[in-house]
Undergrad: 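This is the structure, below, for whatever I ask next.
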Amino acid sequence: MHCYNHADRGAVGTCKACCKGLCAECAVDLGFGLSCRGPHEQRVTEVEALISRNASVQRVAGRAKYAAPAFCLFMGAIFTGYGLLSSSELRFIVLLGVGFLVFGAYSLVANIRAFGKGG
Ligand SMILES: [Zn+2]
Ligand SMILES: [Zn+2]
């Protein structure tokens with residue numbers, strides 16, 4: 001591949017915005033990729049910022065995927081234990097606790113499937 005601007009020079013890479021071949025003189029190294037000189041420098045920088053912002057949002061979501069199921073399992077354990085230790089009038093709390101446990105386990109499995117094991 002040759003430089004888009006200099007047909008006699010070999011390209012060192014391509015612009016991330018327009019995919020044109022660029023020689024060392026025409027290319028701008030932005031640290032995460034190359035851009036041709038001009039408006040594409042700004043554009044490639046913005047796209048990269050957007051991608052890294054999305055990536056960090058997904059990392060947070062990956063951590064949060066266990067929070068709600070863990071909370072349900074925790075509440076379920078408390079209700080079940082409290083209901084079992086209490087008088088017979090409070091035995092319905094055991095059912096509530098089991099409901100929380102089932103829901104927590106279900107959403108845990110559903111979240112793992114939805115997000116994938118790699119997070
Ligand atoms: Zn370009
Ligand atoms: Zn060039």
Side-chain angles (χ1 to χ4, degrees):
M1 184 166 56
H2 289 94
C3 174
Y4 179 79
N5 300 316
H6 308 89
D8 56 329
R9 296 188 199 171
V12 296
T14 54
C15 171
K16 275 194 156 189
C18 60
C19 296
K20 286 172 183 166
L22 302 166
C23 71
E25 188 191 313
C26 297
V28 181
D29 188 354
L30 297 167
F32 43 80
L34 297 176
S35 161
C36 54
R37 293 187 188 282
H40 284 170
E41 291 177 54
Q42 177 71 21
R43 181 174 162 161
V44 171
T45 306
E46 282 168 3
V47 168
E48 180 66 20
L50 203 69
I51 291 169
S52 47
R53 202 157 47 229
N54 282 349
S56 61
V57 165
Q58 273 173 7
R59 274 197 296 277
V60 171
R63 276 201 299 273
K65 72 181 170 181
Y66 297 114
F71 178 75
C72 285
L73 291 171
F74 178 70
M75 292 303 285
I78 287 180
F79 278 128
T80 306
Y82 183 74
L84 287 173
L85 292 171
S86 299
S87 57
S88 55
E89 296 95 73
L90 288 170
R91 281 293 154 85
F92 73 94
I93 290 181
V94 177
L95 291 175
L96 196 65
V98 170
F100 263 114
L101 287 173
V102 170
F103 181 75
Y106 174 80
S107 48
L108 190 66
V109 171
N111 280 356
I112 288 172
R113 283 205 185 132
F115 285 93
K117 281 176 184 171

Undergrad: Measuring from N5:CG to L22:CG, what's the distance to the nearest 0.5 Å?
TA: 7.5 Å
Undergrad: For R9, enumerate each residue passing the salt bridge (Lys or Arg N to Asp or Glu O under 4.0 Å) test, keeping only those at least two apart in sequence or located in another chain.
TA: E25
Undergrad: Please identify each residue that fulfils salt bridge (Lys or Arg N to Asp or Glu O under 4.0 Å) with E46, with sequence neighbours left out.
TA: none
Undergrad: Which ILVMFWY residues can you reach from L34 by hopping between side chains whose heavy atoms are under 4.5 Å apart?
TA: V12
Undergrad: Report the residues that fulfil ring pair (Phe, Tyr, Trp, His ring centres under 6.0 Å) with F79, sequence neighbours left out, ordered by chain and then residue number.
TA: F100
Undergrad: I'd like to know if L84 and V102 are part of one continuous hydrophobic network [Ile/Leu/Val/Met/Phe/Trp/Tyr, side-chain heavy atoms within less than 4.5 Å].
TA: yes
Undergrad: Working to the nearest 0.5 Å, report the span between OH of Y4 and SG of C18.
TA: 8.0 Å
Undergrad: Check which hydrophobic residues are tied to M1 through side-chain heavy-atom contacts below 4.5 Å, counting indirect links as well, and list them.
TA: none
Undergrad: With a 4.5 Å limit on heavy-atom distance, are the side chains of C26 and C23 in contact?
TA: yes
Undergrad: Could you note down all residue pairs passing side-chain hydrogen bond (donor to acceptor under 3.5 Å, both in side chains) where residues 72-82 supplies at least one of them, sequence neighbours left out?
TA: none
Undergrad: Taking the hydrophobic residues Ile, Leu, Val, Met, Phe, Trp and Tyr, and joining any pair whose side-chain heavy atoms are under 4.5 Å apart, which ones share a cluster with F32?
TA: V28, L30, V44
Undergrad: Does one hydrophobic cluster hold both L96 and M75, with members joined at side-chain heavy-atom distances below 4.5 Å?
TA: yes
Undergrad: Holding to salt bridge (Lys or Arg N to Asp or Glu O under 4.0 Å), I want the full list of residues that pass it with K16, two or more places apart in sequence or in another chain.
TA: E48
Undergrad: Minimum heavy-atom separation for A17 and H40, please, with both atom names.
TA: CB-CG, 3.6 Å
Undergrad: Under 3.5 Å, side chain of S35 to main-chain N/O of E41, donor-acceptor pair present?
TA: yes
Undergrad: Please report the interatomic distance CG(L73) to OG(S107), rounded to the nearest 0.5 Å.
TA: 7.0 Å
Undergrad: Under a single-linkage rule joining Ile, Leu, Val, Met, Phe, Trp and Tyr whose side-chain heavy atoms are separated by less than 4.5 Å, which residues share a cluster with V47?
TA: I51
